[in-house]
J.: 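Okay, handing you the structure first.
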Amino acid sequence: MLSKPMQKALNEQIMHEINSAYLYLAMSMHSSSVGLQGFATWLRVQWQEELAHAMKLTEIVHDRGGRVALQAVEKPPAEFKSPQDIFHQVLAHEQKITALINRLYETALKEDDYATQVEVQWFIKEQIEEEKNATTILDQLTMAGESGASLMMLDRALAARAAH
Ligand code: OFO
């Protein structure tokens with residue numbers, strides 16, 4: 001059985017994952033509208049991944065006899081300055097999520113909730129990947145510049161990201 005503080009923390013993290021999904025969907029829509037279909041695809045897959053993270057957390061709550069309480073999500077921005085701006089925001093956002101996941105783990109430690117500790121370890125590992133992906137694309141964007149052939153090549157490469 002989940003303790004009340006653990007259930008509250010998991011419910012908050014579900015909201016953060018859905019917020020992440022919504023932010024990446026907004027970025028995908030923007031990329032699509034400026035003709036960067038590869039960026040749009042990559043970010044759409046990211047949207048789906050974040051929804052899967054949220055669902056994984058709902059399963060943890062349900063499996064432990066808890067109650068999921070969905071919360072309001074934030075309105076994401078509709079406009080972004082450039083692909084560089086988007087990926088600076090993706091990296092900053094993932095760093096924020098890493099801090100939140102670490103806090104979730106701290107709650108599981110405080111509550112002596114060993115089962116949740118094991119579950120949250122998956123998210124801790126996932127955040128390494130999330131930050132690495134954003135950093136790699138940001139580095140590639142710095143090399144490619146704001147526009148031109150290199151940016152188009154990167155856009156084509158990102159289009160190859162497939163949904164899981
Ligand atoms: Fe982008 O990561 Fe979820 O947790």
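Counting starts at 1 for both ligands and their atoms, following the listed order. The chain is numbered in sequence order, starting from 1.
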J.: Salt bridge or not between E126 and K56? Use side-chain N to carboxylate O under 4.0 Å.
T.: no

J.: From atom 1 (Fe) of ligand 1 out to just under 2.8 Å, does an N/O/S atom of E49 turn up?
T.: no

J.: Can you tell if the side chain of T41 reaches within under 4.5 Å of the side chain of S32, non-hydrogen atoms only?
T.: no

J.: Hey, is Q46 one of the residues with a heavy atom under 4.0 angstrom from ligand 1?
T.: yes

J.: For Q127 and ligand 1, answer yes if some heavy atom of the residue is under 4.0 Å from a ligand atom, otherwise no.
T.: yes

J.: Just which atoms of ligand 1 are under 4.0 Å from any heavy atom in E130?
T.: 1 (Fe), 2 (O)

J.: Looking only at protein heavy atoms, which one is nearest to atom 4 (O) of ligand 1, and how far off is it?
T.: E17 OE2, 2.7 Å

J.: Under 4.0 Å between a Lys/Arg side-chain N and an Asp/Glu carboxylate O for E129 and K125?
T.: no

J.: May I ask you to test the E130-E49 pair for a side-chain heavy-atom distance under 4.5 Å?
T.: yes

J.: Regarding H53, does it place an N, O or S atom less than 2.8 Å from atom 3 (Fe) of ligand 1?
T.: yes

J.: Hey, is there an N, O or S on E50 sitting under 2.8 Å from atom 1 (Fe) of ligand 1?
T.: yes

J.: Using side chain to side chain contact (heavy atoms under 4.5 Å, CB included) as the criterion, point out the one residue from H93, Q95, H88 that pairs with L91.
T.: Q95

J.: Within a radius of less than 6.0 Å around CE of M153, do more than 12 heavy atoms belonging to other residues, nucleotides or ligands occur?
T.: no

J.: Of W122, W47, Y24, which is the lone residue that meets ring-ring contact (aromatic ring centres under 6.0 Å, His included) with H53?
T.: W122

J.: Please work out, at 4.0 Å between heavy atoms, whether the side chain, the backbone, both, or neither of E94 comes within that distance of ligand 1.
T.: side chain

J.: Pick one of side chain, backbone, both or neither for how E126 approaches ligand 1, counting any non-hydrogen atom pair under 4.0 Å.
T.: neither

